[in-house]
Structure formats: structure tokens, C-alpha cells
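Working notes for the structure below.
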Amino acid sequence: MRLSRERLRGPLAGKVETISGQTLSSCYQCGKCSAGCPLEDAMDVLPHQVIRDLQLGREEQALAAGAIWLCAACHTCAARCPRGVDLSRIMEALRAVRLRRGLGPPDQTALPGEAPQQLLVSFLRKYVG
Ligand code: SF4
Ligand code: SF4
């Protein structure tokens, strides 16, 4: 697929950048974020793939990812990222867009059986408000 400014700056990508304060084009898909993510086993889409979907204009795919609800905002990815991208803010922005559209988590999004405590706390924050 050919990359173009239009694809990189689709409406959802622009909105996510505004809400998150992150620059999607900074990510060069090295995968270091996903390799260090404690929840990557439970995620349907890996964290760096969520960014890729946004970079390529696959907006519905990015919004439908259960991974955005499983992110525990632990910031491990941000600490590992050589480009200074804070993925938890991108995940949070995608959740905000879904909620503003009157949508919650996709039906298949479930808490993994052996969840780290951090995820339990973040789930409570997301679902109890
Ligand atoms: S670590 Fe940073 S640059 Fe590498 S894939 Fe993740 S967000 Fe992109
Ligand atoms: S902040 Fe979210 S995406 Fe990043 S490492 Fe933690 S759980 Fe994974």
C-alpha cells in the first residue's frame, strides 16, 4: 500500500493526535512497544499494529481493536519507544472516540484469566468511571 499524507492524516488519525498529543508518523514500527507490553498475549491486535492501522487509514479496524480496552496504561511502551511515542495516550484517545460515538468495548473484549493487578485497576477506572 502506498503511503500518502492523506492516508496518514485521515480524520480519525487527526482526532487521535489532537486528543493524545502524540504524532502518529513518528512511529516507524520497530515493535519495541509490543515486545515489552505485559498485556500483549491477551490483545487481539498488538500495540504497534494499532498505530499502523491509524497510519494506513484503517480507522474502523483501529477503533474495533479490543487491545485499546486492555491497555493498562503502564507506560512500558513509552519508556521503550525510541521515538518518544506514548501509546497509552493513543489507546486512551481511541477509547474516547468510541465512547463519544456511543460505543463501548467490543463484545469480545474480556478480562484475561490471569490479569496483572495494574490491568484490574485500569479496568475499574474505565468501566466505573
Ligand atoms: S516502540 Fe515506538 S516507534 Fe517502535 S513501534 Fe512502538 S510506538 Fe512505534
Ligand atoms: S501502556 Fe498499554 S500498550 Fe503500553 S505497554 Fe502498557 S499495557 Fe501495553
Side-chain angles (χ1 to χ4, degrees):
M1 182 182 287
R2 268 178 75 88
L3 291 179
S4 67
R5 179 172 286 274
E6 290 67 37
R7 277 192 192 281
L8 293 171
R9 301 286 310 173
L12 178 62
K15 199 171 289 185
V16 167
E17 286 191 338
T18 302
I19 298 171
S20 69
Q22 305 301 298
T23 305
L24 294 168
S25 57
S26 295
C27 169
Y28 56 25
Q29 291 290 293
C30 67
K32 284 188 75 171
C33 48
S34 298
C37 175
L39 273 309
E40 65 97 15
D41 278 350
M43 289 178 173
D44 53 348
V45 180
L46 294 176
H48 73 285
Q49 291 170 333
V50 173
I51 295 186
R52 194 56 164 172
D53 284 339
L54 289 169
Q55 288 177 332
L56 296 179
R58 297 191 291 240
E59 304 194 339
E60 292 313 314
Q61 230 163 292
L63 276 175
I68 67 179
W69 299 91
L70 288 178
C71 171
C74 67
H75 300 288
T76 304
C77 49
R80 291 171 60 90
C81 179
R83 301 285 292 162
V85 178
D86 188 341
L87 243 163
S88 67
R89 290 178 182 271
I90 292 171
M91 303 288 208
E92 185 179 30
L94 285 166
R95 289 197 301 274
V97 170
R98 257 190 94 92
L99 290 172
R100 285 175 194 176
R101 292 183 184 181
L103 303 166
D107 290 341
Q108 73 275 14
T109 306
L111 200 60
E114 291 185 18
Q117 191 176 14
Q118 209 160 14
L119 178 60
L120 296 175
V121 173
S122 78
F123 246 67
L124 277 177
R125 287 206 188 109
K126 284 172 211 154
Y127 289 100
V128 179

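In each ligand, atom 1 is the first atom listed, and ligand 1 is the first ligand listed.
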Measure the shortest side-chain to side-chain distance between [X] and [Y] over non-hydrogen atoms and say whether it is less than 4.5 angstrom.
X     : Y     : value
Leu94 : Leu12 : yes
Ser34 : Pro47 : yes
Glu59 : Pro11 : yes
Cys27 : Arg83 : no
Glu92 : Arg95 : yes
Arg98 : Ile68 : yes
Leu54 : Ile90 : yes
Ser88 : Cys74 : no

Among protein heavy atoms, which lies nearest [atom], and at what distance?
atom                    : answer
atom 6 (Fe) of ligand 2 : Cys74 SG, 2.3 Å
atom 8 (Fe) of ligand 2 : Cys37 SG, 2.3 Å
atom 4 (Fe) of ligand 1 : Cys30 SG, 2.3 Å

Against heavy atoms of [X], which atoms of ligand 1 measure under 4.0 Å?
X     : result
Cys81 : 1 (S), 2 (Fe), 3 (S), 7 (S)
His48 : 5 (S)
Arg83 : 3 (S)
Gln29 : 5 (S), 8 (Fe)
Ile51 : 7 (S)
Gly31 : 4 (Fe), 5 (S)

Counting each atom of ligand 2 from 1 as listed, which ones have a heavy atom of [X] under 4.0 Å away?
X     : answer
Ser88 : 1 (S)
Ala72 : 2 (Fe), 7 (S)
Ala73 : 1 (S), 2 (Fe)
His75 : 1 (S), 6 (Fe)
Thr76 : 5 (S)

Exercise for review: Answer yes or no for Arg80: is there a heavy-atom contact with ligand 1 below 4.0 Å?
Suggested key: no

**Study point:** Contact check: Cys77 to atom 6 (Fe) of ligand 2, N/O/S below 2.8 Å
**Key:** no

Exercise for review: May I ask you to decide if Gly36's main-chain N or O and Thr76's side chain share a donor-acceptor pair within less than 3.5 Å?
Suggested key: no

Practice item. Under 4.0 Å, heavy atoms only, figure out whether ligand 2 is touched by the backbone of Glu40, its side chain, both or neither. Key: neither

Review point. Applying a 4.0 Å heavy-atom criterion (strictly less than), which segment of Cys33 is in contact with ligand 2: side chain, backbone, both, or neither?
Key: neither

Practice item. Could you tell me which non-hydrogen atom of Leu24 sits nearest to which non-hydrogen atom of Gln55, and how far apart they are? Key: O-NE2, 2.8 Å

Exercise for review: Apply side chain to side chain contact (heavy atoms under 4.5 Å, CB included) to the pair Met91 and Trp69, showing each step before the final yes or no.
Suggested key: CA-CA 8 Å; Met91 303 288 208; Trp69 299 91; over 6 Å; no

**Study point:** From CA spacing to verdict: side chain to side chain donor-acceptor pair (under 3.5 Å), Gln49, Arg52
**Key:** CA-CA 5 Å; Gln49 291 170 333; Arg52 194 56 164 172; over 6 Å; no

Exercise for review: Using 2.8 Å as a strict upper limit, say whether an N, O or S atom of Cys27 approaches atom 2 (Fe) of ligand 1 that closely.
Suggested key: no

Review point. Looking at atom 2 (Fe) of ligand 2, is one of the N, O or S atoms of Cys71 less than 2.8 Å from it?
Key: yes

